[in-house]
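Written below as structure tokens is the structure these notes are about.
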Amino acid sequence: MMRRQMSYRFEDQDASPYALKMNRRFSRVESGADLKDYFDRGDIASRENRWNFEVAWEVANKVGGIYTVIRSKAYVSTEEMGEQLCMMGPYKENCARTEMEEMEFPRGNPLLDAVNSLRSRGYKIHTGRWLVDGNPQLILFDIGSAAWKLDQFKSEMWEKCHIGIPHLDIETNDAIILGFMIAEFLEEFRNFAVSYSQNNGLSAPRIVAHFHEWQAGVGLIVLRTRQVEIATVFTTHATLLGRYLCAGNTDFYNNLDKFAVDEEAGKRQIYHRYCLERGATHLAHIFTTVSEITGYEAEHLLKRKPDIITPNGLNVKKFSAIHEFQNLHAVAKEKINEFVRGHFYGHMDFDLDKTLYFFIAGRYEFGNKGADIFIESLARLNAMLKHERPDTTVVAFLIFPTKTNNFNVDSLRGHAVIKQLRDTINNVQQAVGKRMFDTCLKGHIPNADDLLEKDDLVKIKRCMFAMQRDSMPPVTTHNVADDWNDPVLSSIRRCHLFNSVHDRVKMVFHPEFLTSTNPLFGIDYEEFVRGCHLGVFPSYYEPWGYTPAECTVMGIPSVTTNLSGFGCFMQEHISDPKSYGIYIVDRRYIGLENSVQQLSSFMMEFSRLNRRQRIIQRNRTERLSDLLDWRTLGIYYRQARVKALQAVYPDYIDETTLYGSRNNLIFSRPHSEPPSPTSSRHTTPAPSVHGSDDEDSVDEETELKELGIK
């Protein structure tokens, strides 16, 4: 059942003025430089004796989205902080074996002294470097080596914070052990750093520890209750209670100010986790969230407004010419074409040159990810295409990992039949080419009847007869476990999207992650995204939204919502997002039916574009990649650290601000400015610098005219 969604009455609630003022309060920071202005490999930080520790459960431990955040940010973090940066997390052997290069810190380094001090207590600690861009220093803690002190840690947590941890909650027990190990390490490190500084005539060390999510937040709580002089930053990427409430099909955003948070957490048996998250939020010197919508959520559920919004970025690799990423799109699209030929064998009644590929992907959270309104909108798009553009076909991919029994036999058979046809045609081609060559060599003009022999025709007919089938192409590539109750398949049945001959929208539910080793659909996710035409992510609950961000960086237009962090970010920083291939569905101020209509109209509008218009739009989308680069967005993380340091060390002055900066990071643009970003403003998306080739030049007015945008 589709979730009920926020109605117009939200605008009249007390919370709306806060929502309108959030831009002014949080996203603007005092300094306006790009992070690359501070890339000195830690030279200034070393002179200031300033240290930065970043703590997360997903450091060198691939679990979810926070791993992507930490990993992708590692390069710019090391470029800024150099050897003054150290990342910390749990030691998970399966991941660490491939992610970490183990080595010891150099002698005389306070990091080594602190590590050895904890090892003398019986803790197992692994040190080295993370095998990602930037190669940051790593300290990973073996949780099992300190499990014997769990009762002692829980006792301290109860005595100082009155938070009781259930014995059977293994995940929280592990978070308690990790938090206390990290807190003890940081306390030891500070003591050794002070002694080292005094012995070497250095200024007193200034240390900031940045904790991500509630699992790591335990360490922050311990540091603060033990009154260790270390500046702390806490970032929540999604509130714990928010995820549970949205999963429960509640009218979440309409009732944020009405929830009895303690009662709701207790009913879901996560009250102790909620207390840890809320405790870390209030004890941190600086509290940040990844988006304004999550900040609004945190104000009501965690009872603290974020001090700074720290949007998530990506490592953007630019091409030397604009057309290069277009070529990658064409190559990847051909791989998808190959899959479609096999999956829809016997029913290839549509032209692949007039076929568009839409997709949705992510965790299998049917309502939160917006798969409900995506399927409903596809049904309406199907009706519109039948009436208006019967020669256009849309193939919609739904990539949601779930339990399966095996591959769909019909899908496997289709790919085998297509392979047989291709091999047969190749053999016939070679034979015909040889006969043609021999005939021409004798001085005769080849005759069509002599080139294609009867035996060749028989082979081709056999393959074509093998391609015939009575059943319709399957809507899923696998046999889904409990398929009758599966929400995606149930919605597809309800909307009658069965891949019939008359349907202009074809459905493909792929319930596995995409990998190049998959025998049925052998393509990596990144390559798959490049080959598609439109990513559709109409999420109801999405604190940030890496999937549409990845589409944007690859030059693929996408649909997002004003309830996702990414959608709010784009709405704030771009005057006309749609002209840059960012379609934002309103799921905040209008009803569900209107949102479905808006999404279906966006998809229909995109389907009307011709090939040239789609190429122009992809070029424009790719220009937004600079806006999502960590070199741009990393400045917010730096500002959070600076504010935390100034809270603990009032005499601290950020040395780099004394020299000014080359660029101003003020994204918002006056209303008098034209709706399209221009190259004269660094803070709005600008054309990439690709040289002076005429083919890569940019004419904004001509592009907008071609796209039919005034």
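Everything numeric in this text was worked out from a predicted model, so none of it was measured.
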Does the distance from a Lys or Arg side-chain N to an Asp or Glu carboxylate O, for Lys62 and Glu99, drop under 4.0 Å? no
Do Phe528 and Ile399 come close enough that some side-chain heavy atom pair is under 4.5 Å? yes
Please step through side-chain contact (heavy atoms from CB on, under 4.5 Å) for the pair Phe509 and Phe400, ending with a clear verdict. CA-CA 8 Å; Phe509 176 32; Phe400 290 123; 4.0 Å; yes
With no hydrogens and no angle check, is any side-chain donor or acceptor of Thr552 less than 3.5 Å from a backbone partner on Pro548? yes
So Asp586 and Asn562, side-chain hydrogen bond (donor to acceptor under 3.5 Å, both in side chains) or not? Walk me through it. CA-CA 6 Å; Asp586 187 353; Asn562 59 355; 2.8 Å; yes
Ignoring hydrogens and angles, tell me if any N or O in the side chain of Asn61 forms a donor-acceptor pair with the backbone of Trp57 under 3.5 Å. yes
Are the charged groups of Arg422 and Glu338 less than 4.0 angstrom apart, N to O? yes
Take Tyr357 and Asn337 through the test side-chain hydrogen bond (donor to acceptor under 3.5 Å, both in side chains) and record every step on the way to the result. CA-CA 10 Å; Tyr357 297 137; Asn337 286 346; 2.5 Å; yes
Do the side chains of Ser500 and Met472 get nearer than 4.5 Å, heavy atoms only? yes
Could you go step by step and tell me if Asn426 and Asp423 meet the side-chain hydrogen bond (donor to acceptor under 3.5 Å, both in side chains) rule? CA-CA 5 Å; Asn426 287 338; Asp423 292 343; 4.6 Å; no
Would you say that Pro538 contacts Ile360 through its side chain, given a criterion of any heavy-atom pair below 4.5 Å between the two side chains? yes
Picking from Arg623, Glu622, Gln617, what satisfies side chain to side chain contact (heavy atoms under 4.5 Å, CB included) with Asn619? Arg623
Could you check whether Asp438 pairs with Lys434 (Lys NZ or Arg NE/NH1/NH2 to Asp/Glu carboxylate O, under 4.0 Å)? yes
Would you check if the side chain of Ser377 reaches a backbone N or O of Val596 as a donor-acceptor pair within less than 3.5 Å? yes
For the aromatic rings, using the six-membered ring if either is Trp, is the centroid distance between His533 and His329 under 6.0 Å? yes
Strictly below 4.0 Å, N to O, side chains only: are Arg435 and Asp456 in salt-bridge contact? yes
Side chain Asp503, main chain Asn382, donor-acceptor under 3.5 Å: no
For Asn135 and Tyr75, test the side chains for any donor-to-acceptor distance below 3.5 angstrom and give the result as yes or no. no
Salt-bridge contact Glu593-Arg380 (side-chain N to carboxylate O under 4.0 Å): yes
Are side-chain heavy atoms of Thr355 and Val340 found at a separation under 4.5 Å? no
Candidate pair Trp544 and Ser564, rule side-chain hydrogen bond (donor to acceptor under 3.5 Å, both in side chains), full reasoning: CA-CA 6 Å; Trp544 175 245; Ser564 78; over 6 Å; no
How about Phe521 and His510: are their ring centres within less than 6.0 Å of each other? yes
With the side chain counted from C-beta on, respond yes when Leu381 and Ser607 share a heavy-atom pair under 4.5 Å apart, and no when they do not. yes
Evaluate the side-chain proximity of Thr561 to Phe566: yes if any heavy-atom separation is below 4.5 Å, no if none is. no
If we ignore hydrogens and angles and just use 3.5 Å, is the side chain of Glu334 paired with the main-chain N or O of Val331 as donor and acceptor? no
Verify the ring-centre separation between Tyr583 and Phe602: is it less than 6.0 angstrom? yes
Please check if atom CZ in Arg493 has more than 12 non-hydrogen atoms from other residues, nucleotides or ligands closer than 6.0 Å. yes
Got a sec: does the NZ of Lys354 have more than 12 other heavy atoms crowding it under 6.0 Å? no
Do Leu356 and Thr393 pass the side-chain contact (heavy atoms from CB on, under 4.5 Å) test, and can you show the C-alpha distance, the side-chain angles, and the key distance before you say yes or no? CA-CA 6 Å; Leu356 302 175; Thr393 302; over 6 Å; no
Do Asn610 side-chain atoms and Gln613 backbone N/O form a donor-acceptor pair below 3.5 Å? yes
Would you call Arg129-Glu102 a salt bridge at under 4.0 Å N-O? no
Are the side chains of Asn406 and His478 in touch, meaning some heavy atoms are under 4.5 Å apart? no
Under 3.5 Å donor-acceptor, Thr632 side chain and Asp626 backbone: yes
Sidechain N-carboxylate O distance under 4.0 Å for Glu324, Arg530: no
Greater than 12 external heavy atoms within 6.0 Å of Phe498's CZ: yes
Is the backbone of Gly522 close enough, under 3.5 Å, to the side chain of Ser516 for a donor and an acceptor to pair up by distance? no
Using ring centroids (six-membered ring only for Trp), state whether Phe537 and Phe359 fall under 6.0 Å. yes
Applying side-chain hydrogen bond (donor to acceptor under 3.5 Å, both in side chains), can you list everything that pairs with Ser471, at least two apart in sequence or on another chain? none
Any non-hydrogen side-chain atom of Leu633 less than 4.5 Å from a side-chain atom of Asn312? no
Quick one: side-chain hydrogen bond (donor to acceptor under 3.5 Å, both in side chains) partners of Arg363, sequence neighbours excluded? Glu365
